[in-house]
Amino acid sequence: MLDMKLLRDRTEFVRERLATRNAGDEAKVTEILALDESRRSALAEAEQLKARRNSASKEIGGLIGQKRLEEAEAKKAEVRALGDRITELDKTAAQSEAARDALLLMIPNLPHASVALGKDAEDNPEIRVHGQKASFDFKALNHVELCEKLKLIDFARGAKLSGSGFLLYTGWGARLERALINFLLDLHLSEHGYTEVAPPYIVGEHCMIGVGQFPKFRDQAYAVQEGLDASTLGKLYLLPTAEAPVANIHREEILAEKQLPVRYCAYSPCFRAEAGAAGLGTRGMIRVHQFDKVELIKVVHPDHGYEELEKMVQNAETVLQRLGLHYRVINLCTGDMGFASAKTYDIEVWAPGQGTFLEVSSCSNCEDYQSRRMNLRFKRESDGQNLFPHLLNGSGTALARLFVALVETHQQADGSVRIPEPLRPYLGTDVIPAPTQPA
RNA sequence: GGAGGGGUGGCAGAGUGGUCUAAUGCGGCGGUCUUGAAAACCGCUGUGGGCUGACGCUCACCGGGGGUUCGAAUCCCUCCCCCUCCGCCA
């Protein structure tokens with residue numbers, strides 16, 4: 001969430017920055033400030049009264065000690081009235097604070113000054129391109145055709161098991177998925193300096209609030225219920241991304257400055273309800289309810305947030321380079337950026353069979369927006385101050401779409417799929433063989 | 001699922017209604033002593049909020065929330081978490 005002090009001291013700046021998102025959030029600022037003012041005035045009065053009550057109570061204790069009971073009783077009656085007023089003021093302050101915070105949680109992060117102004121994805125500037133579109137001297141297939149011919153994925157039975165949007169990987173397909181996961185993890189651990197973590201796949205609501213998924217995007221999550229106990233529904237959720245648990249690892253902690261930067265890498269499946277999303281219900285792997293992802297998370301000193309973001313994007317790009325894939329990096333404009341992010345790079349990989357670029361990674365610096373929400377701080381060594389670190393997250397990368405780009409790009413005239421050299425040790429083959437008999 | 005025990009500062013651990021401004025120990029930081037170090041001794045050592053130009057003043061926090069009381073770490077209610085044993089189980 002945003003810093004309340006910033007909202008008070010630089011109100012116009014906050015309004016202007018919010019307005020660049022074109023989401024109308026700047027309109028809520030006035031109400032937040034009013035609630036904050038109400039909170040503070042009630043608090044100031046309540047605390048004065050509490051100070052008086054505290055000293056009076058001490059006197060009462062003294063009087064009782066000296067057996068001056070009548071005086072003590074008189075004093076008690078006097079202080080009792082204070083208590084009622086304090087209760088009232090405390091209530092006002094608490095209500096104002098709760099209302100203020102509820103609004104504050106719905107306000108997105110401020111876009112960084114370097115982010116291009118824009119309305120939607122049309123306005124996202126392209127930062128760089130790597131490689132070029134694959135060309136084929138035979139009739140290239142799309143991933144659905146390839147997966148069916150090579151029996152990598154059984155779309156029909158996936159749907160039979162869990163409905164549309166769920167995949168059943170089979171044979172070489174299942175092995176390829178597993179090989180990719182291991183390849184990605186090993187790459188980031190051994191070459192990019194991340195520490196592997198394996199988080200729970202079901203997380204508490206507070207984790208979802210911490211990273212900014214909730215309260216705004218509650219409708220996109222799968223809620224879990226324990227057995228038949230309906231009262232447990234809404235306490236735990238299937239994770240939409242490993243960011244939810246991993247970014248929260250140090251929530252409510254005060255880290256030592258020398259512990260920074262913290263770099264975590266985690267594999268997890270990701271579950272997304274995708275309520276109302278376009279493209280779901282069609283066959284294929286582009287948009288599904290469950291997909292695998294290797295996620296990168298960093299907790300860094302605010303001075304290094306943006307250089308660490310650049311490194312993170314490069315870490316994700318390395319994946320695509322090693323796999324011989326064509327991609328481009330774009331910078332999300334103010335209107336297209338995610339809720340918690342101050343600056344986001346998307347990496348889109350070329351999928352020849354689709355004839356489009358597919359988003360396989362999104363790397364964001366959320367600055368102190370999430371660390372405020374989860375009250376994660378570090379102690380600055382020079383003066384002992386507790387500061388909010390920058391929290392970064394990035395896909396390194398998402399797997400289903402990577403799978404698509406991989407098989408579509410490296411398909412061969414004979415119907416087989418050539419495996420890029422770095423992946424071969426993981427898959428145990430140079431090539432996913434063409435079917436021996438026509439499907 | 002059943003029974004029991006617990007949650008207090010960085011850690012350990014006292015405190016069961018009023019100098020708790022939380023004992024004591026350990027750790028950490030600073031100092032004295034020393035050529036240096038150790039030991040010893042002395043001092044300091046949590047978080048957040050509000051008010052203030054500032055020195056500073058003040059409020060809250062003993063797992064979370066609520067209550068009783070002039071006054072709560074302490075009593076009551078409720079939720080969460082941890083531990084032990086039993087049952088079931090990959």
Side-chain angles (χ1 to χ4, degrees), chain A residues 1-9 32-102 104 198 200-210 224-237 245 248-259 368 371-389:
Chain A
M1 68 175 95
L2 298 181
D3 181 6
M4 199 57 229
K5 275 204 180 77
L6 185 73
L7 238 83
R8 280 204 295 262
D9 299 343
I32 293 175
L33 286 173
L35 287 165
D36 183 59
E37 177 53 38
S38 149
R39 168 182 176 269
R40 282 184 301 143
S41 65
L43 210 57
E45 192 182 341
E47 289 184 356
Q48 269 181 7
L49 296 180
K50 280 181 190 176
R52 272 166 62 188
R53 183 177 69 182
N54 285 346
S55 60
S57 289
K58 235 167 238 176
E59 287 174 38
I60 291 171
L63 291 171
I64 291 174
Q66 297 165 44
K67 301 277 186 231
R68 292 155 68 182
L69 297 182
E70 260 176 51
E71 287 170 72
E73 284 307 317
K75 199 93 191 169
K76 275 192 199 180
E78 194 186 314
V79 179
R80 195 169 296 140
L82 279 182
D84 294 343
R85 178 69 182 145
I86 288 171
T87 304
E88 204 176 299
L89 288 165
D90 272 346
K91 205 171 156 192
T92 303
Q95 281 170 350
S96 299
E97 182 173 341
R100 181 197 72 178
D101 289 349
L104 220 40
Y201 297 159
I202 299 178
V203 298
E205 188 187 30
H206 56 286
C207 291
M208 298 290 266
I209 291 174
V224 170
Q225 175 176 305
E226 290 175 32
L228 299 176
D229 184 355
S231 73
T232 61
L233 184 66
K235 290 186 174 168
L236 296 171
Y237 295 85
N248 276 289
I249 287 175
H250 297 291
R251 77 186 338 265
E252 277 159 45
E253 292 182 20
I254 301 174
L255 302 174
E257 184 172 5
K258 59 173 183 283
Q259 284 178 264
D368 59 359
S371 46
R372 273 179 203 285
R373 281 179 167 240
M374 59 182 75
N375 200 22
L376 162 60
R377 290 160 296 169
F378 73 95
K379 190 175 284 293
R380 191 204 271 155
E381 234 164 84
S382 57
D383 59 0
Q385 265 214 60
N386 293 327
L387 305 175
F388 292 101

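Order of the sequence lines fixes the chain letters, A, B, ..., with proteins taken first and strands second; residue numbering starts at 1 for each chain.
- Of the candidates B:rU21, B:rC70, B:rU58, the closest approach to any side-chain atom of A:A51 belongs to B:rU58.
- Under the 4.0 Å criterion applied to side-chain N and carboxylate O atoms, A:R80 and A:D84 are not assigned as salt-bridge partners.
- Of all heavy-atom pairs spanning A:R377 and A:P389, the tightest one is CA-CD, 3.8 Å.
- Partners of A:E88 by side-chain hydrogen bond (donor to acceptor under 3.5 Å, both in side chains), not counting sequence neighbours, listed by chain and number: A:R85.
- Put simply, CD1 on A:I60 and NZ on A:K75 are 7.5 Å apart, with the number rounded to the nearest 0.5 Å.
- Of the residues near RNA chain B, A:I60 and A:R100, the one whose nearest nucleotide (by heavy atom distance) lies more toward the 5' end is A:R100.
- Rounding to whole angstrom units, CD of residue A:E73 and P of B:rU69 are separated by 13 Å.
- Among the protein residues, A:L82 comes within range of no part of the nucleic acid, since none of its heavy atoms lies under 4.0 Å from any strand.
- Here B:rG71 presents its C1' atom at 8 Å from CG of A:N54, a figure rounded to the nearest Å.
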Nucleotide N/O of nucleotides 51-56 of chain B paired with protein N/O under 3.5 Å:
residue, atom, partner, partner atom, Å
B:rC51, OP1, A:R40, NH1, 3.0

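- The shortest side-chain heavy-atom distance between A:L7 and A:L104 falls under the 4.5 Å cut-off.
- Under the rule for a side chain to side chain contact (heavy atoms under 4.5 Å, CB included), A:K58 has no partner lying at least two apart in sequence or in another chain.
- At a threshold of 4.0 angstrom between heavy atoms, the contacts of A:K50 are confined to the sugar-phosphate backbone, with no base atom among them.
- In terms of heavy atoms, A:A46 sits closest to A:I86 at O-CG1, 4.3 Å.
- RNA chain B is contacted by no residue of residues 91-99 of chain A, taking any non-hydrogen atom closer than 4.0 Å.
- Among the protein residues, A:A56 comes within range of no part of the nucleic acid, since none of its heavy atoms lies under 4.0 Å from any strand.
- Of the candidates B:rG18, B:rA60, B:rG50, B:rG18 carries the atom nearest the A:S57 side chain, counting heavy atoms from C-beta on.
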When you compare the protein's N or O atoms with those of nucleotides 44-48 of chain B, which come within less than 3.5 Å of each other, and at what distance?
residue, atom, partner, partner atom, Å
B:rU47, OP1, A:K379, NZ, 2.6
B:rU47, OP1, A:N386, ND2, 3.4
B:rU47, O3', A:R377, NH1, 2.9
B:rG48, OP1, A:R377, NH1, 2.7
B:rG48, OP1, A:N386, ND2, 3.4

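- Counting only residues at least two apart or on different chains, the side chain to side chain donor-acceptor pair (under 3.5 Å) pairs with a member in residues 46-55 of chain A are A:K50-A:D90.
- Nearest-nucleotide positions on RNA chain B for A:G83 and A:D36 put A:D36 closer to the 5' end.
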